[in-house]
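Throughout, numbering of the chain's residues begins at 1 and tracks the sequence. Excluded from the calculations below are hydrogen atoms, water molecules and symmetry mates; all remaining heavy atoms, backbone and side chain alike, are included.
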Amino acid sequence: QVQLVESGGGLVQAGGSLRLSCAASGRTFGRRGMGWLRQAPGKEREFVAAISWSGNSIVYADSVKGRFTISRDNAKNTVYLQMNSLKPEDTAVYYCAARKLVAVTFTANDYEYWGQGTQVTVSS
């Protein structure tokens with residue numbers, strides 16, 4: 001089994017920054033593509049960013065491109081999401097997810113394991 005634990009969420013003013021972390025554990029973690037997705041109240045879960053196991057392939061949703069940066073440290077089994085220039089519309093629960101394959105994916109259904117989520121609230 002794979003366990004994912006997010007941290008780093010909180011309340012921030014518009015224009016501020018937060019850094020989310022996702023620590024992965026489990027004997028079978030292996031080489032996995034990782035992603036961040038979010039879900040705002042009353043809305044469907046949406047893709048934010050994804051990174052391949054090697055880190056050579058990275059994709060972002062258009063809504064966060066240029067503001068968010070995804071990265072990973074495979075030695076620590078940890079994935080990060082640096083969020084800058086935050087906007088009120090970024091308010092959501094942010095989920096870390098892992099898939100079986102090494103490549104990136106936009107699709108929530110492609111991820112096998114999910115963290116419990118961390119709340120990000122951006123005030124105007």
What's the spacing between [X] [atom1] and [Y] [atom2] if we round to 0.5 Å?
{"X": "C96", "Y": "Q116", "atom1": "SG", "atom2": "CD", "answer": "9.5 Å"}
{"X": "R31", "Y": "L101", "atom1": "CZ", "atom2": "CG", "answer": "13.5 Å"}
{"X": "M83", "Y": "R19", "atom1": "CE", "atom2": "CZ", "answer": "11.5 Å"}
{"X": "R38", "Y": "K43", "atom1": "CZ", "atom2": "NZ", "answer": "8.5 Å"}
{"X": "T118", "Y": "L81", "atom1": "OG1", "atom2": "CG", "answer": "11.0 Å"}
{"X": "L4", "Y": "R32", "atom1": "CG", "atom2": "CZ", "answer": "8.5 Å"}

By salt bridge (Lys or Arg N to Asp or Glu O under 4.0 Å), E89 pairs with (sequence neighbours left out) none
Sorted by chain and number, sequence neighbours left out, salt bridge (Lys or Arg N to Asp or Glu O under 4.0 Å) with R45 holds for none
Joint cluster assignment, [X] & [Y], ILVMFWY side-chain distance < 4.5 Å:
{"X": "Y111", "Y": "I70", "value": "no"}
{"X": "V120", "Y": "W114", "value": "no"}
{"X": "Y113", "Y": "V79", "value": "yes"}

[X] versus [Y], closest heavy-atom pair with distance:
{"X": "A14", "Y": "S124", "value": "CB-CA, 4.4 Å"}
{"X": "G9", "Y": "L20", "value": "N-CD2, 3.6 Å"}
{"X": "A108", "Y": "L37", "value": "CB-CD2, 3.8 Å"}
{"X": "N84", "Y": "S17", "value": "OD1-OG, 2.9 Å"}

May I ask you to decide if [Y]'s main-chain N or O and [X]'s side chain share a donor-acceptor pair within less than 3.5 Å?
{"X": "N74", "Y": "S54", "answer": "no"}
{"X": "T91", "Y": "V122", "answer": "yes"}
{"X": "T105", "Y": "T107", "answer": "yes"}
{"X": "R67", "Y": "S85", "answer": "yes"}
{"X": "E112", "Y": "A98", "answer": "no"}

Might you work through the side chain to side chain contact (heavy atoms under 4.5 Å, CB included) test for I58 and V104, ending with a clear yes or no? CA-CA 7 Å; I58 291 174; V104 299; 5.9 Å; no
- Query: If we only count heavy atoms from C-beta on, is the S52 to V102 side-chain gap below 4.5 Å?
  - Reply: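 Answer no - side chains too far apart.
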message = Any carboxylate oxygen within less than 4.0 angstrom of a Lys/Arg side-chain nitrogen, looking at D90 and K87?
response = no
Check your understanding: Should E6 and W36 be marked as a side chain to side chain contact (heavy atoms under 4.5 Å, CB included) after you check the CA-CA gap, both sets of side-chain angles, and the distance that decides it?
Key -> CA-CA 10 Å; E6 302 99 333; W36 288 96; 3.8 Å; yes
| Could you give all pairs that pass the ring-ring contact (aromatic ring centres under 6.0 Å, His included) test and reach residues 64-106, with sequence neighbours left out? |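 Sorted result for residues 64-106: F47-F106.
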